[in-house]
Number of protein chains: 2
Amino acid sequence: MPAANTVVGVSPEEQLPAGATTQEDTELRYLLLAAQREGARYMSGQLRALNLTPAQAEIILVLAQREPLTLAELGRLIVCESNSPSRIVDTLVKRGMVSRTPGQVDRRVVYLGLTEQGQELVPKLQEIDAAVDAAAAFRLSSDEKQVMIRGLRRMLDGTVSGAALATRFHG
Amino acid sequence: MPAANTVVGVSPEEQLPAGATTQEDTELRYLLLAAQREGARYMSGQLRALNLTPAQAEIILVLAQREPLTLAELGRLIVCESNSPSRIVDTLVKRGMVSRTPGQVDRRVVYLGLTEQGQELVPKLQEIDAAVDAAAAFRLSSDEKQVMIRGLRRMLDGTVSGAALATRFHG
DNA sequence: TGCTCATTAATGTCACGTCAGCAATGAGCG
DNA sequence: CGCTCATTGCTGACGTGACATTAATGAGCA
């Protein structure tokens, strides 16, 4: 398991001598940043009607697929809030979408699940997800998507986020 | 100029019927998020010794290349803080790295530049940038980078972030 | 000139993401 | 049992990022 402060698969000790870097690499980094920002902005817009944020939606959708989960387990499945996503879950509990049940055996843990109100949101969220997917990827060919997915997976190999997504989409 | 809430090149009116979406599209979105997060985390780590954040470093590097800039111009060149990045600049001014000069002709504007102390940081920041570039991209082949760059540019075509990066890297 | 409208920058509000630190609990081991 | 250590979840501090609103200024036009 890599340390928290690991990038993209490179532990601090094995960093490359930063020699072979071109401006394109920098542009690629900022393009990734920009794509993520614009995507998030759009997603936010779509979710505004439901009064949900992208992070909250991610949690609800993961719970819909894999509840019950402890807070730590959930943290290992989502990209957001790498540690324990207590606070985001907190808001969802306050709004009555997520339930928190103290563990019987291990009384440190809390089991999370969707309330009825939370479950009712799921179809809408899936719909929005699909719309955002379509908006984000419709300009890419199938081949391009494949290359990007493979490349990004490789970049993320050995990171916490990478592990989370591997479990989530292929675990 | 597209409206602020435009994604990835799709204005709200011309959205696709979200039909042809696969799980891969969703994975791609989350991979983009994860790559950006891990990259930012790493960058943060590298910058910690300088007591700077990635957003602050971006601003210093842009100013190094194109000062003087008004706040609005700067906002159009960076990916962060789409509106006027008053507050981030504020901290940099307080720490003595950026200077703010009221405009003589148009007294609404403020001209931003690097102080001597700010300029001294630039080489170090460029070094860090190169290191992060290397760490992020060294697992990708040249071809893969090309495909990703082209694809991302296309995704961002017509967005504010896309315009910012186009100006910055090819303007 | 006087009016209206656009632009620029600043600010308040909200929700995160990161980090560090903490309390409670559980597990391993003598 | 008693000690130590790891894990789980919570919380405070800090710095964004998004959005809306506002104040000041400039530009266009009758």
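Here is the naming used below: chain letters follow the sequence lines, and residue numbers restart at 1 for every chain.
Rounding to the nearest 0.5 Å gives a distance of 7.5 Å between OG1 of A:T22 and CG of B:D133. In this structure, B:T115 OG1 and B:R95 CZ are separated by 12.5 Å, a value rounded to the nearest 0.5 Å. For the atom pair CD1 (A:I128) and CG (A:L121), the distance works out to 9.0 Å, reported to the nearest 0.5 Å. Atom CG of B:L77 is separated from atom CG of B:L61 by 12.5 Å, given to the nearest 0.5 angstrom. One finds the OG1 atom of A:T159 at 12.5 Å from the CZ atom of B:R37 (value rounded to the nearest 0.5 Å).
As rounded to whole Å, 15 Å separates atom C1' of C:dC19 from atom CZ of B:R37. For A:L33 and C:dG17, the CG to P distance is 14 Å, given to the nearest whole Å. Taking atom CG of residue B:L52 and atom C1' of nucleotide D:dC14, one finds them 15 Å apart after rounding to whole Å. Rounded to an integer number of Å, the gap from CZ of A:R41 to P of C:dC16 is 17 Å. Between the NZ atom of A:K94 and the P atom of C:dA15 there is a distance of 10 Å, rounded to whole Å. Atom OH in B:Y42 sits about 17 Å away from atom P in C:dT18, given to the nearest Å. Distance CD1 (A:I78) to P (C:dC16): 11 Å, rounded to an integer number of Å. The separation between A:E58 atom CD and C:dA15 atom C1' is 15 Å, rounded to whole Å.
Mapping B:E73 and A:R95 onto DNA chain C by nearest heavy atom places B:E73 at the nucleotide closer to the 5' end. When each of B:Y111 and A:I88 is assigned the nucleotide of DNA chain C bearing its nearest heavy atom, the one mapping closer to the 5' terminus is B:Y111.
For B:S86, the side-chain atoms get nearest to C:dA10 when compared with the rest of C:dA10, D:dT8, D:dC10. The side chain of A:L71 sits closest to D:dG9 out of D:dT16, C:dA10, D:dG9.
Between B:E73 and B:R66, none of the side-chain N atoms (NZ, or NE/NH1/NH2) sits under 4.0 Å from a carboxylate O, so this pair counts as no salt bridge. The pair B:K124-B:E127 fails the salt-bridge criterion, with no side-chain N (NZ, NE, NH1 or NH2) lying under 4.0 Å from an Asp/Glu carboxylate O. Between A:R168 and B:E27 no salt bridge is recorded (no basic side-chain N to carboxylate O distance below 4.0 Å).
Using a 4.0 Å heavy-atom distance criterion, A:S44 is classed as making no nucleic acid contact.
No more than 12 heavy atoms of other residues, nucleotides or ligands sit less than 6.0 Å from atom CZ of A:R107.
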Heavy-atom protein contacts under 4.0 Å, nucleotides 20-25 of chain D, coded B base, S sugar-phosphate only, - none: B---BB
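Between the two ends of the helix from C:dT1-D:dA30 to C:dG30-D:dC1, each summarised by a five-pair axis, the helix axis turns through 10° (rounded to 10 degrees).
Under 4.0 angstrom from either OP1 or OP2 of D:dT16 there lies at least one side-chain N or O belonging to B:T53. Put simply, A:R100 has a side-chain N or O that comes within less than 4.0 Å of OP1 or OP2 on D:dC10.
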Derivation and outcome, salt bridge (charged side-chain N to carboxylate O under 4.0 Å, His left out), residues B:E144 and A:R154: CA-CA 11 Å; B:E144 284 176 319; A:R154 210 176 312 129; 2.7 Å; yes
